[in-house]
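Residues take their numbers from the sequence shown, with the count starting at 1.
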Amino acid sequence: MTETPWIIDILQNALDAWNEKLAQVFTILTTSPQTFGDGVIFDVIKGINGAMQSIGLGLLVIFMLVGMVKKSINYEDMKRPEQLIKLFLRFAIGKAVISYGMPLMTEIFSVGLGIIGNMGTTQITNIGIAPEIVAAAQEAGFFKTLFPSVLALIGSLVMSVISVMILLTVFGRMFKIYMYMAIAPIPLSTFAGESTKQIGTSFLKSFAGVCLEGALIMLACIIYTAFIGSSGSTILLPADASLTKMLYTYVFGTVLQMLILLGTVKACDRIVREMMGL
């Protein structure tokens, strides 16, 4: 049995890491905050949210009083029943939003998961090294593999960095969701004031945008997976070329495809803002 050259092992390890990270991205995007990290993080966030509710209720009263002062011209206006009923309803709605903010936000997140679920199950297409490169590396002598080895090391390093950056983007989105949930009572308390309610509305829109961002990232990964599995993504290696030229063509083409996915994933945040008008 012919031994696999170490130059091939270097590239294959980088591609295996990419395939593994991409599978991890799919898993994270289909995981709810309640089950992510065995639910330990969600329990901590629930505790912080509960502690913030007392602050939110205090701010609720302040924003209601500020709105009442701005709205009222004189004391006679405050004696009108419709004004008192409006203030009472606004206070009741604000208190309900603060008290049930976590269930509300988990329901919003579940809508995002539902969108991802409706995209269907996608099989990840694993990337491997072209057989022509493996055969050329096995036939090449020691000196002929020196420069290709440097090229393989650089290519594997770039691939590893790209795979880590994509994973960090997905992890960062999940952490943003936890931060929104933890601090929710404070921005939601602004619903009590007529002049401040747009802050609470903007907060919920931003949170919905982060949830929708997951659906767009999943869509980008699905498109990438479909593209990799198509004949149009095949990297054409030059016929009868040296190992260096074949390796350069393959590494450049593979890195380019990875960069396209990375750029699309990074742009999902901006695309969501444009969609939501944020």
Hydrophobic cluster (4.5 angstrom, side-chain heavy atoms) - remaining members for Val164:
Leu168

Not counting sequence neighbours, which residues clear side-chain hydrogen bond (donor to acceptor under 3.5 Å, both in side chains) with Lys266? List them please.
Thr169

Applying side-chain contact (heavy atoms from CB on, under 4.5 Å) to Leu167 and not counting sequence neighbours gives Lys21, Gln24, Val25, Ile28, Phe171

Going hydrophobic residue to hydrophobic residue with side-chain gaps under 4.5 angstrom, can you get from Tyr100 over to Ile186?
no

With a 3.5 Å distance limit and no angle check, can you tell me whether Thr254 reaches the backbone of Val251 through a side-chain donor-acceptor pair?
no

Look up atom CD1 in Ile222 and atom CZ in Phe26, then write down how far apart they are to the nearest 0.5 Å.
6.0 Å

Can you give me the closest heavy-atom contact between Tyr178 and Pro33, atom names plus distance?
OH-O, 2.8 Å

Residues forming a ring-ring contact (aromatic ring centres under 6.0 Å, His included) with Phe203, sequence neighbours excluded:
Tyr180

Cluster check Met179, Ile48: I/L/V/M/F/W/Y, side chain < 4.5 angstrom:
no

Please tell me if the side chains of Leu151 and Tyr248 come closer than 4.5 Å, counting only heavy atoms from C-beta onward.
yes

Would you say the side chain of Leu104 lies within less than 4.5 Å of the side chain of Phe207, judging by non-hydrogen atoms?
no

Any sub-3.5 Å donor-acceptor pair from Ser160's side-chain atoms to Ser156's backbone N or O?
yes

Does some side-chain heavy atom of Leu261 sit less than 4.5 Å from a side-chain heavy atom of Leu22?
yes

With rounding to the nearest 0.5 angstrom, report the CG to CE distance, Leu157 to Met159.
10.5 Å

Atom pair OG1 (Thr264) and CG (Leu216), whose distance is rounded to the nearest 0.5 Å
11.0 Å

Taking side-chain contact (heavy atoms from CB on, under 4.5 Å) as the test, write out the residues that go with Glu20, two or more places apart.
none

Residues forming a side-chain contact (heavy atoms from CB on, under 4.5 Å) with Ala215, sequence neighbours excluded
Ile115, Ile116, Met119, Leu212

Can you pull out every salt bridge (Lys or Arg N to Asp or Glu O under 4.0 Å) where at least one residue sits in residues 212-229? Sequence neighbours excluded, please.
Lys176-Glu213

Listed by chain and number, what are the side-chain contact (heavy atoms from CB on, under 4.5 Å) partners of Leu153, not counting sequence neighbours?
Ile10

What residues, two or more places apart in sequence or in another chain, satisfy side-chain hydrogen bond (donor to acceptor under 3.5 Å, both in side chains) together with Asn13?
none

Only one of Ile98, Ile199, Ile183 passes side-chain contact (heavy atoms from CB on, under 4.5 Å) with Leu188; say which it is.
Ile98

Expected list for residues 34-46: side-chain donor-acceptor pairs under 3.5 angstrom, two or more places apart:
unit_1, atom_1, unit_2, atom_2, d
Gln34, OE1, Ser32, OG, 3.4
Thr35, OG1, Ser32, O, 3.3
Thr35, OG1, Ser32, OG, 3.1

Write out all pairs satisfying side-chain hydrogen bond (donor to acceptor under 3.5 Å, both in side chains) with one or both partners inside residues 103-116, taking only residues at least two apart or from two chains.
none

Measure the CG-CG distance between Leu11 and Asp16 for me, rounded to the nearest 0.5 Å.
10.5 Å

Expected list for residues 51-65: side-chain donor-acceptor pairs under 3.5 angstrom, two or more places apart:
unit_1, atom_1, unit_2, atom_2, d
Gln53, NE2, Asn49, OD1, 3.2
Ser54, OG, Ala51, O, 3.0

For the student: nearest non-hydrogen atoms of Arg173 and Cys211, plus distance:
NH2-O, 3.5 Å

Is it true that a side-chain atom of Thr30 and a backbone atom of Thr27 form a donor plus acceptor pair closer than 3.5 Å?
yes

